[in-house]
Amino acid sequence: MNKFVIASIVALATTAATAAEFGVTGTHDVNSNRNSLGVSVGNRYGNVGVTAGFDRTTAGAVDQNRYSLVGSYDVARVGPATVDVRAGVGYLDNSGATDGYVATVGVGTTVPVTKTVSFVADVTRQYGQERVEQYDGNRVSVGLKYKF
């Protein structure tokens, strides 16, 4: 799974499309009350977006690396903000504990700050395999994206 995510990130980062994005995010997992920092690369194809991400949590008893691949679809514009729905898959690499796969669904918004920088925020619900279901719950993320 890790090789797949890394290959996806490289493929997205090297695409020639003009809407490639690089992001930095901070996430709060409401269920486990843990925070993480992450990076992402993505691409936009009209109203559709694809993003590969990595975030790391070091708080608590178990350090966690989270690899994700998320698709989004723009559903509305409110002033300068774009609202989208999101769905994706992820892999939780838990040091010293059981690893597993998760699915996510959610909603997000993107607000342009400059021509190339945007503020992003989203709320997602995570559903994992039985062996990682203790990490199920809501996740709130905020960050910045740079558009190439």
Side-chain angles (χ1 to χ4, degrees), residues 1-60 62-94 99-129 132-133 135-148:
M1 176 64 181
N2 295 348
K3 291 179 184 177
F4 170 74
V5 172
I6 292 169
S8 298
I9 290 171
V10 170
L12 287 170
T14 59
T15 58
T18 59
E21 303 170 327
F22 173 78
V24 178
T25 57
T27 302
H28 178 70
D29 187 324
V30 177
N31 183 49
S32 65
N33 198 27
R34 296 173 5 144
N35 298 318
S36 62
L37 295 174
V39 295
S40 64
V41 293
N43 214 333
R44 305 275 323 151
Y45 306 94
N47 289 341
V48 176
V50 178
T51 303
F54 168 81
D55 64 78
R56 175 138 174 96
T57 304
T58 56
V62 176
D63 291 347
Q64 182 181 83
N65 293 323
R66 183 176 188 276
Y67 304 91
S68 61
L69 187 60
V70 177
S72 63
Y73 183 77
D74 297 346
V75 293
R77 288 191 56 89
V78 180
T82 303
V83 178
D84 59 46
V85 292
R86 301 173 183 195
V89 296
Y91 181 75
L92 304 181
D93 177 9
N94 298 307
D99 302 339
Y101 295 93
V102 296
T104 59
V105 294
V107 63
T109 187
T110 302
V111 181
V113 176
T114 68
K115 185 176 179 180
T116 56
V117 176
S118 297
F119 170 78
V120 294
D122 67 54
V123 176
T124 55
R125 176 77 180 172
Q126 179 172 283
Y127 302 94
Q129 292 175 297
V132 291
E133 69 183 0
Y135 301 108
D136 287 1
N138 297 325
R139 296 170 49 88
V140 179
S141 298
V142 295
L144 294 173
K145 283 193 176 179
Y146 178 79
K147 188 184 333 181
F148 294 80

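Numbering starts at 1 and runs along the sequence shown. Note that the structure is a prediction, hence the values are computed from the model and not measured.
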Please find the pair of heavy atoms, one from [X] and one from [Y], that lie closest to each other, and give the distance.
| X | Y | result |
| --- | --- | --- |
| V140 | V123 | CG2-CG2, 4.4 Å |
| P80 | P112 | O-CD, 3.2 Å |
| S72 | R44 | OG-NH1, 3.3 Å |
| V132 | G100 | CG1-N, 3.6 Å |
| A20 | N43 | N-OD1, 3.5 Å |

Looking at [Y], is its backbone amide N or carbonyl O close enough to the side chain of [X] to form a donor-acceptor pair, meaning the two atoms are under 3.5 Å apart?
| X | Y | result |
| --- | --- | --- |
| E21 | G42 | no |
| T51 | V41 | no |
| N31 | D136 | yes |
| D99 | N94 | yes |

Measuring only between side-chain heavy atoms, which start at C-beta, is [X] closer than 4.5 Å to [Y]?
| X | Y | answer |
| --- | --- | --- |
| V102 | Y135 | no |
| Y146 | V24 | no |
| L69 | V50 | yes |
| K145 | S40 | yes |
| Y101 | V89 | no |

Between the side chains of S36 and R56, does any donor sit under 3.5 Å from an acceptor?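 No - no donor-acceptor pair under 3.5 Å links their side chains.
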Measure the [atom1]-[atom2] distance between [X] and [Y] for me, rounded to the nearest 0.5 Å.
| X | Y | atom1 | atom2 | value |
| --- | --- | --- | --- | --- |
| N35 | T27 | CG | OG1 | 8.5 Å |
| L37 | F54 | CG | CZ | 10.0 Å |
| D74 | T109 | CG | OG1 | 9.5 Å |
| S32 | Q64 | OG | CD | 7.5 Å |
| T58 | N65 | OG1 | CG | 10.0 Å |
| L92 | Q126 | CG | CD | 5.5 Å |

Side-chain ion pair, R139 and D55, N-O less than 4.0 Å: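 Yes, this pair counts.
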Working note: N33 + H28, criterion side chain to side chain contact (heavy atoms under 4.5 Å, CB included); need CA distance, chi angles, decisive distance, verdict. CA-CA 7 Å; N33 198 27; H28 178 70; 2.9 Å; yes
